[in-house]
Every structure is written in structure tokens, then in C-alpha cells.
Amino acid sequence: MTCKEIMGYLDDYLDGTLSGDQQVIFSQHLGTCKQCQEGLSKEQEFRQNLKDLPVFPLSPAFSQKVFMAAAQQEKRDFHRRSFITGFGSAIAASLALWLVTVAYFSSVPPTSVDVLPTVAISVQEVRKVKLVFDATHALHQAKVSIYLPESVELVGFPGQRVVSWQANLGQGKNLLSLPLRALQEQTGALEAHIEHDGKIKVMRLKFAVEKPGMSGYSKPQLPMV
Amino acid sequence: MKNIVIFPRKKSRDKFEELVGPHLEHLYRVAYRFCGTRDDAEDLVQDLIIKLYATRKELETVEQLRPWLARALYNLYVDNIRRYQRSPIMQVPPNEEHLLAEITDTANTPDQDHERRQKLQQLQRMFDQLSDEHRTILTLHDMEGYNLPELEKIMGIPVGTLKSRLHRARERLRDLVQKDGTF
């Protein structure tokens, strides 16, 4: 077998899925070929690095809290439980975010714009922006649209500059959670539009995308758990 | 007369904790790889535990709990992505509004000048750029050590499809790393 063919089987070798015969051929070649030995050790190191990617440790007493929450949750009625399950923990999260509460549709103008503080973010960094809409009454089938600048994308919607949903907003506070990834060094503005009954509420959030590490944020650098 | 000692029956919550507790860190670690942040990972695990608690009797009959739990976590993660794609808005329950005040910006973390850490940080950036599909397969197979037949059960996807997905995910990651030039 040639070195190229051998390298083609590298994943199978490391995954332990080679047949007995293939394993013998592979090992024999490796025993005599320095180049393939280097390729193997490079790949092993790469896989080890992947395993070693740090995981931010669990919050203190998470396990106590989570079991207690589960027991308490059961006492609530089903409707409420399904409602809280998707929300309760998310809101308690302490994450990088910008919390903005706006009174919604309480004013007469058909279009109103709120300009929010500028967000600094590094290229390839993911930050979650959470916006809170305070609705004066329930809004059935409101249209929620996010207009993105070229410098950021919404995680899960690669390449899309406009993302829209139909959503029901309840009376009171409604949380819009936006995981955003910075793509290129550039300033720009994201707009969140909520349209209902001929009126539009706009929230404009400016982005300053900087070189990696410039925004003062980096992935947590704590030991693995 | 003999004293009769009656031991109270073990509470069902205790039993549940005994079963699931030893797997909690593992679930969190997998969730962290899926989600990329502690908060989202804890949310995911908490949602899972709440769901499982409601059907805790069934858990006692599961033979291999860890892969079973990993499957439940994976399904919930996929459901959450779909739900988010349908609508990203959730209403804040009136009696939970006080929690909004607890939201804080915990983004700033002091830099640690260490070559390996920097390398891993770079690798993490590349890993974060992968699609959900690719991140999921690499997390479960290459990082958490599940083999393909186990993943077939966990993800409900045939081994052949998983194998080619794994291959593509590695290729994509290697490609990103190579372009980045860190390794």
C-alpha cells in the first residue's frame, strides 16, 4: 500500500474499525515508514487536543438545585410545567447579554425605534444577546424579524441576513434570545423588528467587531471537569 | 418484648438522585460540547432532569442508563434547536420576572498566557464554527468515546450515515485548523 492509501485508513485505524488483515498491513507499513508515523502521531495529538477542550465547571451546588427544581416542578400543573421547563432555567442563566426592557405598543406612533448600547465582539466569538419585550397586551401571531449586519450571523442560520418568525407574545415580558457569531472586523447594526396590527417596534443594536481577543472576552479558560 | 425498627421507605426523589446523580457531570459535559456555554448546557441538563423526574419509575427499568440518558439529552437538544427555529421568543412568567434582575454579564475572563491553552482556545474557536450536526457527532464519538453502534441507538441514525458524517466533520475541522495555521 502507498502512504496515501495508508493515510486514507488512518481514521479507521484510530477508531479500531480495521479488519484483522487491514490492521496487519497498516501496522507493517507504519513500522517502516517515518512519514506515516509522523502523520499518525499528529492525528493522535489532534484528537487528544479535541478531548482536552476545556469544559467550564458546573455551577456550585448545581446538582442539588436541579433535583430540587425537578421535585418542585412536579407539584405544578402540567401546563405550567411545560411552560416553565423551556424558560425558567434559561432566564436564571448568567450569560453575557444586554438586557433591554421596552414598553411595547403602548405608544401611538406606528413605528418606534429604540437604540441600544454598542456591543463589542471579537471575530468568531459567539455571544448571546437577550432582549426583553414588554407587551402591554397579548399579541397573537406577531412577526419578529432580525436584520443582521454583514459582520455577524445568527447561530443556526448561517448566511441569512434576515431571519423571521411568527410568534405569539404574551402580556408582560417576553424574552428574545439571539446567539450571534462575529464574522469579520466591521461595525454594523442589528435590528429586531416586531410587527403587529400595522405597527412596528424596532430595536437597534450596534456591533463593533474586533480582532480575536480584543473585546475582552475569551472562552472560559478553566480546568476540565 | 422485641423492639421492631421500621425503616422509612426511601423517598422516590432520593432514588431518582441515586440513579441519575452519578451521570450528571457526564450529561453536563456532553451538553456543554453541544451548546458551547455553561448557561445553555445547565439549562439543557436542567430541562432534561425535570422531564425525567416526571417519569422516574421508567428509569429504574433501564439497563444501561448512561447511553440512555445521552440519547434523551440528544433528543432534547435537537427538539430545542427545532423549537428555537420555530420561534425564539419565550414569555417570562409573571412570578419569575425577578429573575431578570439576576442576569449579569460574566463575559470578562482574565487571559492566561499559556501556549497550550491558547492552542486549545483556537481549536475551540474552530470547533464552534462547525455545524450542529458535526459538533454533535464529534462530541459524542471523538470526545466522549461513544462508538458508532452506540451512537446508532442514541441518535437513531444508521451506522453507515454516522460514519460518513464523522468523516466529514473531521475533514471540516482539520480544514479549518489548517487554514488557521495554529497547529
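Protein chains get the first letters and strands the later ones, always in sequence-line order, with residue 1 at the start of each. Atom set for the values below is all heavy atoms of this structure, side chains included, hydrogens, waters and symmetry mates excluded.
- The backbone N or O of B:Asp128 sits less than 3.5 Å from a side-chain atom of A:Arg181, completing a donor-acceptor pair.
- Atom CG of B:Leu120 and atom NZ of A:Lys51 lie 14.0 Å apart (nearest 0.5 Å).
- Proximity to chain A is limited to the side chain of B:Arg170, based on heavy atoms less than 4.5 angstrom apart.
- Other residues, nucleotides and ligands contribute at most 12 non-hydrogen atoms within 6.0 Å of the OH atom of A:Tyr9.
- Highest contact tally toward chain B, considering only A:Asn168, A:Leu50, A:Leu176, A:Leu178, is held by A:Leu50 [criterion: heavy-atom pairs under 4.5 Å].
- Here the closest non-hydrogen pair linking B:Gln46 and A:Phe62 is N-CZ, 4.3 Å.
- Residue B:Leu166 touches chain A through its side chain alone, counting heavy-atom pairs closer than 4.5 Å.
- Here the straight-line distance linking atom CD1 of B:Ile89 with atom CD of A:Gln166 works out to 11.0 Å at 0.5 Å rounding.
- Neither the backbone nor the side chain of B:Glu144 comes within contact range of chain A; no heavy atom of the residue lies under 4.5 Å from a heavy atom of that chain.
- Distance check: A:Phe67 CZ to B:Leu24 CG gives 5.0 Å after rounding to the nearest 0.5 Å.
- When every heavy atom of A:Pro179 is checked against every heavy atom of B:Tyr84, the shortest pair comes out as CD-OH, 3.3 Å.
- Counting non-hydrogen atoms of neighbouring residues, nucleotides and ligands closer than 6.0 angstrom, the CD atom of A:Gln141 exceeds 12 such neighbours.
- To the nearest 0.5 angstrom, B:Asp142 atom CG is 8.0 Å from A:Asp11 atom CG.
- The CZ atom of A:Arg47 lies 7.5 Å from the NE2 atom of B:His141; values are rounded to the nearest 0.5 Å.
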| task | Go through the steps to decide whether B:Tyr32 and A:Leu58 satisfy the test side-chain contact (heavy atoms from CB on, under 4.5 Å), and finish with yes or no. | result | CA-CA 10 Å; B:Tyr32 185 91; A:Leu58 267 170; over 6 Å; no

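- With values rounded to the nearest 0.5 angstrom, A:Leu183 atom CG is found 9.0 Å from B:Gln129 atom CD.
- Taking every heavy atom of both residues into account, A:Phe157 and B:Gln85 meet most closely at CZ-CG, 3.6 Å.
- For the set B:Pro88, B:Ser131, B:Gly145, the count of heavy-atom pairs under 4.5 angstrom toward chain A peaks at B:Pro88.
- Proximity to chain B (any heavy atom under 4.5 Å) is restricted, for A:Glu43, to the side chain, taken from C-beta onward.
- Annotation: maximal heavy-atom pairing with chain B below 4.5 Å, among A:Asp12, A:Val66, A:Val155, A:Ile146, occurs at A:Val66.
- At a 4.5 Å heavy-atom cutoff, A:Ser164 makes no contact with chain B through either its backbone or its side chain.
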